[in-house]
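Ligands are counted one by one from 1 in listed order, and the atoms in each one are counted from 1 as well. Side-chain atoms are counted along with the backbone in the values below, which use heavy atoms only and exclude waters and symmetry mates.
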Amino acid sequence: MIAKVITDISLDREFDYLVPPELEPILRIGSAVTVPFGRTTRTGYVLSLAETSSYDPGKLRGLSGIANDRPAIPENLIKLGKWIAEYYCATQEHAIRTLLPAAVRSGRVREKKCRLYSVSDLAAAEKYMIEHARETRLAKRIAVLQMVIRKGEGPKAEFATESGFSASAFDALCKEGLISMREEAVSDDFDDAVETLPDSPLTPSADQRKALDQISEMLASRTPSHVQLLFGTTNSGKTEVYLQAISKVLEMGKSAIVLVPEISLTPQTVRRFRARFGKRLSVLHSRLSDRERFDEWNKINSGKVQIAIGARSALFAPFDNLGLIVVDEEHDSSYKQSESPRYHARDVAVVRGKLENACVILGSATPAAESLYNAQQGKFMLCRMAAQVDNKPAPVIRIVDRRLDPAPEPGVSNLLSPILIHAVEERLERGEQAILFLNRRGYARTLCCPQCGYEARCPECSINYNYTYSRSREVLSCHLCGGVVPAPQVCPECGWHEIHYFGSGTEKLESCARAVFSGARIGRMDSDLMRSADDYEVVLDKFRRGRLDILVGTQMIAKGLHFPGVTLVGVVNADLGLSMPDFRAQERTFQMLTQVAGRAGRGERRGEVIFQTTRDSDVLRFAANLDFEGFSKFDLEFRELLNYPPFTRLIAIFFKGEKEADVAEYAAYFAGKLAAYQHDKLRITPPAPAPVEKIRNQFRYMMVVRGTGLKTIREAIRVLALHHTPPAGVTVAVDVDAQHLM
Ligand code: ADP
Ligand code: ZN
């Protein structure tokens, strides 16, 4: 037998090894093995088994052995890994690597074992006690044996606490075989700190009933597709549908995976799942230590838990009887991984579901154009949940055109329109809460010298205005490379003492709000301030308890949080995202606006939302009417006209390097090779500098291939990118179904 093995070096190549006869019965696809490699030994995984090899059998080497310190990868995940490598043009090694958490793959963390003792055979033990009842020499042994029978199985330490215990008698009984030992893997029982009270399913609403019926049909394989697009506004009860669908899957003896965007994996969310499923649930969040991650993986792998909830990578939870994958907020862009393999967790979830005969629920209030299109084409089943569970009226949304406002007095910030100021003041008077939202952190976007025209830019990166000024820290920071420099007090070029700041961010918004609403209790939340998840919880908690009146923030506050006291949301710069050079700019803006608007009026009072803008835009109007259907029709027409996804597939190829000429030359060579695959359903945009043309001193070129029937060209791209060596200093990255064309 031949094993095709992938090692830990990224060559995108399998190596053939002979399987020694003694390993044949235990070796399987996914086994971790050690193999001779050159003069060393390496660890790898068996990708497939075959009878023959195309290499000279005389030259083949044998496997050294099974790597006992590492768990095997379940065979179905190996299949998924192969698909990822092919489709996303990644090396097989990269793909296999994403299947296992580093803590498991490295073999660094070992499983903790505990030894449990019990009486081997009750009848034999009783016979022993009767036979030796009169021998004082054995009295201690008999006492210990009685103790073990009485207490039942347990670790030695537990018996040792009993009076009359004798270690030597205990050991002697073990030796005689009257007490036997077995080892069991233990995990530190890490729990989500708070004890969660169990709850029970709610009686489904009509909409929820409809969704659950469709899911039951799906689980019984009586539907044309295994994917349901659950399209329901915030608060329509989607989470309750997930919970009941999972219960159903558990009843069938199967397991479930729930994916949520990392930012939504809050204690609030986890509590709802924990309350329903208790210890049958494993929570995979990014703050787990290696040890904890290792333990959770083993709990899943050994079938001790039946549900895993987590961000993107939870998709690879090693269940072997998967029944359901839920992808909540399926439109969220954090499901796309930015490093190789650049997979999209929603799309891979659909593939894993297909491979393992499991159903998939994609839930969203604003489905991605791709998903909606798939539903329209009959590839997914659509279930619309229109009504909010509590029949709360939607918030009142107004668009305020800043161009109609009177010019501000000199020296007064122009961030808040009189209408928004008035609305906030009303809330303060009534003791209600407001959120002010601006999707840009920092104090100002850039600084500029009015005397000589100097503009501060990150010297390593390219685009204009890319420094963000933070007044509290007195620094300029680059959001592309993360570089930080002290903010100059005078112009570095000409020494002029009055430098100006242009644009605005949340930090400036906060100080502006403090000036306008004196006496109000104001908090701010953005990635500048929130260094850890704890910072985040502290501010949220204050706000939730009503110890803040106004919360200022970036998109961090847009997602899924529930604050009953909030009756007003102001979006300072609602059109901000529309000028991005990206065909998804409209979609992202619409999603963001409706999501933020959803933060208003979750409590008793009806919510109000104000979008400030300085331009006319259909996108804003659709968002203000919460008209998803209208928007989506408009957006799909635009994409169809321009041949963008979902009407086509798209692959972006990036070329990077310090010498621009080398990058450009290699990009042109690469494009030339691809020309052979051109056909009339395909558009190849020749390489050109990317919109962000330089990051960290690396010049960036981009080319885009889009169309239908991409399979052949994708294979060609994969081979060119992975198996042809570019000139020194140039790197190539392929992004299939790229979410950002920057
Ligand atoms: P979504 O996930 O769509 O935002 P949720 O499932 O979180 O909606 O439901 C919103 C609120 O309504 C929650 O507080 C939830 O407990 C409640 N809810 C959901 N379904 C029901 C139901 N069938 N009966 C009563 N309350 C419900
Ligand atoms: Zn930079």
*For Thr233, counting its heavy atoms only, list the atoms of ligand 1 lying under 4.0 Å from any of them.*
3 (O)

_If you take the nearest heavy atom of each of Thr203, Asp199, Leu202, which one is closest to atom 26 (N) of ligand 1?_
Leu202

*Can a cation-pi geometry be assigned to Arg346 and Tyr335, taking NZ or CZ under 6.0 Å from the six-membered ring centre and within 45° of the ring axis?*
no

_Less than 4.0 angstrom from a charged side-chain N to a carboxylate O is my criterion; do Lys210 and Asp213 meet it?_
no

*Does ligand 1 have a heavy atom under 4.0 Å from the side chain of Arg272, from its backbone, from both, or from neither?*
side chain

*Residues Ser282 and Glu296: side-chain donor-acceptor under 3.5 angstrom*: yes

*Nearest heavy atom to atom 5 (P) of ligand 1 wins, so pick from Gly237, Ala206, Ser364, Ser236.*
Gly237

*So is Met385 in contact with ligand 1, going by heavy-atom distances below 4.0 Å?*
no

*Looking only at heavy atoms of Leu243, does any of them come nearer than 4.0 Å to an atom of ligand 1?*
no

*asked:* Can you tell me how far apart CD1 (Ile435) and CZ (Arg427) are? Round to the nearest 0.5 Å.
replied: 12.0 Å

*Any idea how Phe631 and Phe634 line up, ring-wise: parallel (<30°), tilted (30 to 60°), or perpendicular (>60°)?*
tilted

